[in-house]
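Let me begin by presenting the structure, written as structure tokens, before commenting on it.
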Amino acid sequence: MFASTTTMFASTTTFASITARFRGRPTRANEGRTRAGTGAASFEPPSSSASAKRVAELRAALEGVLGSDEVRAMRKPELRKAYEALISRKGVEMENTEGIGGAERVEAEAKAEASSSSMRKPRTVMSSKVFDAVGVSSEEMEREVKSNFSGTELTFLGTSSGAPSFTRNVSSVALRLENEVWLFDCGEATQHQLMRSKLKYAKITKVFITHMHGDHIFGLPGLICAISGARTAYAKAHPTMGKTVQPLHIIGPPGIRQYIYSSITYSRSVLGMPLIVTELRHTARAGTPGPHVSVDPRGKIFMGEYWPDNASEPVPAFKDAGSWAKLGADGQMPVWTAFNDGTFCVRATVLRHPVPCFGYIIDEADAAGRLDPEKCRELGLPPGKEYSMLKDGHAVTGKDGRVIRPEDVIGAARPGRRLVHLGDTCDSSAIVALAQGADTLVHESTFSSDKYHEALFKGHSTARMAGDFARQVHARSLILTHFSNRYAGGVNRANSDSDDLGVDVDDGEDDTEDMAPPDGSEGENIELHHMHVDRLVEEAAEAKGDSRVIAASDFFVFNIARRETFDDFDRCKGNREHLFEGEQRTLPDTVIADDSGLDGGRSRHTDRSAARSTSRTRRPVAGRAHARDEKY
């Protein structure tokens, strides 16, 4: 035993780099390439030969303690765990191990670790821990993250691009309001993510889809059925609430109607709630299209479209970079109003991506100032119903006959918030004018700046591009999301279980991008591309010019705090009163077609007070809309 212990300790220099890797101390060979998320950092091997060499080193280090036969039976993950246990257990550091007792303790603990790891259940997405969000040091942003709910709160349900990983699901972000939840994109397994979060999917009233790539829409059919079941069950359990079931409104790009119609119809799914699907379609003229028409025999699924609020030129082709830059400079981009209830206004405009893609701007109306009860008492007005009258803008008379006006006791208006959520994009210039002064900007950051040309080719952004855009629009806070799986996520956590944080990964690169790069860059050293998202945050912060940048992780919650006074960011928003004036747009008018055939039929308005319409209505036919859905 003394001999084996001596042999192993003599190998300290030989395996110094291995020790540094597992104990989180980067060497020159692996500096900047470690995977975060665990106190024992890990990384991807550059090639199969390098991986085999590393396995041989691990086995050589362990054979002197565990025996050659036992070590040869171990696979690479088990070797990693046994070696880590060998060097990290309290009281068994190499320089502190004394005599045969220390060596025996090392051997016993290493065997126990190897045995437990071989019997452990396979890791799954549902059992994996998630990474922490990563940001540069910013006390103001830290306070905002930890602040209490104030009416608008973001929960990131998926932050990966292309395909999920053990620690990141594909794209989906939930915006929690006072009494409802809005969802932006719905990648596969979003329903599972909602179950793991503190949100209730029965509260979801609207789903905004940015574009039709699978990692943003594959979770929709299942979520629709789950929401329908939850609302139907609630209605049955509360008969006093009436038989009306709240509808679900889905708004998205061309093709969303055909996708939902096909998935719900051909799966024979029966919905117990109204489902309203709206396509944002570009037309040569501005205006209001007709009502949404039912497309199923039960009159539960309604489909229609919204047109732009303004007349605009056709949207350029993806490869026409010059026209996209001109579109943003001239301000001639089409703008859709997707929702407006007088308190919140949601607008959409186009982004440059290989398929039609939208960015959404959510504006909140300015709130009235707060009533000062001290001033009221000074003016001889005790608490009572008069306070409510003052808040509603009415003057009241005190007991001494003095007339008290609202402006006497109510402070200045409080600024409404602006949230900008962008889909996949490699040019966001069209939305610059609409996004000014954003309190929170959610921007994709698929690549680091050294992959700039690949990002443009695939229609994605680098972290530096996201930071540049945030600076252009004077965004208060920038939240990065939609990371390539080549970037590890999260900060090091010494008390985390490395088994749940992506340590045991396949030897090859899991490149989930859907297109090939324009050159032969895939043959480069893969290990160079595996790094922390910390690097992405640093690049974005440098481009933005301040430290209010954070890389979101799954289940990261960010409260968009309401501010009491206007500042420079709020003044950048400009006058927004026109957004909330005029006609409101909440749910579109719907029409139930009498004929259940797919080729159209006579229709009647769901509003019984309205006159019956005898006009023929055309419904989407399977396969007919496919050719035109490549354009806006």
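Sequential numbering from 1 along the given sequence is applied to the chain's residues.
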Aromatic plane relationship, His249 with Tyr306 - under 30° parallel, 30 to 60° tilted, over 60° perpendicular: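 Judged by the thresholds at 30° and 60°, the geometry between Tyr306 and His249 is perpendicular.
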Aromatic ring pairing Trp182/Phe344, orientation class (parallel under 30°, perpendicular over 60°, tilted between):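 Ring orientation, 0 to 90° scale: perpendicular.
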Can you tell me if [X] uses its side chain to pair, donor with acceptor, with the backbone of [Y] under 3.5 Å?
X: Gln246; Y: Thr205; result: no
X: Ser161; Y: Phe483; result: yes
X: Tyr261; Y: Met303; result: no
X: Glu279; Y: Gly255; result: yes
X: Arg168; Y: Phe166; result: no
X: Thr232; Y: Gly229; result: no
X: Ser263; Y: Pro221; result: no
X: Gln436; Y: Val432; result: yes
X: Lys544; Y: Ala475; result: yes
X: Tyr387; Y: Leu381; result: yes

Will you find, in the side chains of [X] and [Y], an N or O donor that is under 3.5 Å from an N or O acceptor?
X: Ser484; Y: Arg486; value: yes
X: Ser461; Y: Arg352; value: no
X: Arg562; Y: Ser150; value: no
X: Ser160; Y: Asn169; value: no
X: Thr210; Y: Asp185; value: yes
X: His353; Y: Thr425; value: no
X: Thr278; Y: His292; value: yes
X: Thr337; Y: Arg347; value: no
X: Asp341; Y: Thr586; value: no

Would you please indicate if the ring centroids of [X] and [Y] are separated by under 6.0 Å?
X: His421; Y: Tyr360; result: no
X: Phe469; Y: His443; result: yes
X: Trp336; Y: Phe358; result: yes

Do [X] and [Y] touch side chain to side chain, with heavy atoms closer than 4.5 Å?
X: Asp424; Y: His211; result: yes
X: Ser171; Y: Thr481; result: no
X: Lys206; Y: Glu180; result: yes
X: Leu183; Y: Val173; result: no
X: Val420; Y: Leu422; result: yes
X: Val170; Y: His482; result: no
X: Arg417; Y: Asp363; result: no
X: Val207; Y: Ile251; result: no

Please check if atom [atom1] in [X] has more than 12 non-hydrogen atoms from other residues, nucleotides or ligands closer than 6.0 Å.
X: Glu581; atom1: CD; result: yes
X: Arg571; atom1: CZ; result: yes
X: Asp392; atom1: CG; result: yes

Measure the spacing between [atom1] of [X] and [atom2] of [Y] and express it to the nearest 0.5 Å.
X: Leu456; Y: Cys426; atom1: CG; atom2: SG; answer: 5.5 Å
X: Thr440; Y: Ile560; atom1: OG1; atom2: CD1; answer: 4.0 Å
X: Gln472; Y: Leu441; atom1: CD; atom2: CG; answer: 11.0 Å
X: Met273; Y: Leu271; atom1: CE; atom2: CG; answer: 6.0 Å

Glu364 and Arg418 ion-paired at < 4.0 Å: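 No.
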Presence of salt bridge, Arg377 and Glu374, under 4.0 angstrom: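 So Glu374 pairs with Arg377 through a salt bridge.
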Test salt bridge (charged side-chain N to carboxylate O under 4.0 Å, His left out) applied to Lys573 and Asp567, Asp439, Asp366, the passing residue: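 Per the salt bridge (charged side-chain N to carboxylate O under 4.0 Å, His left out) rule, the option paired with Lys573 is Asp439, out of Asp567, Asp439, Asp366.
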Derivation of the salt bridge (Lys or Arg N to Asp or Glu O under 4.0 Å) call for Asp570 and Arg476: CA-CA 9 Å; Asp570 298 308; Arg476 189 188 305 273; 3.6 Å; yes
Shortest non-hydrogen contact from Leu478 toward Ala540: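 Smallest heavy-atom distance, with atoms named: CD2-CB, 4.1 Å.
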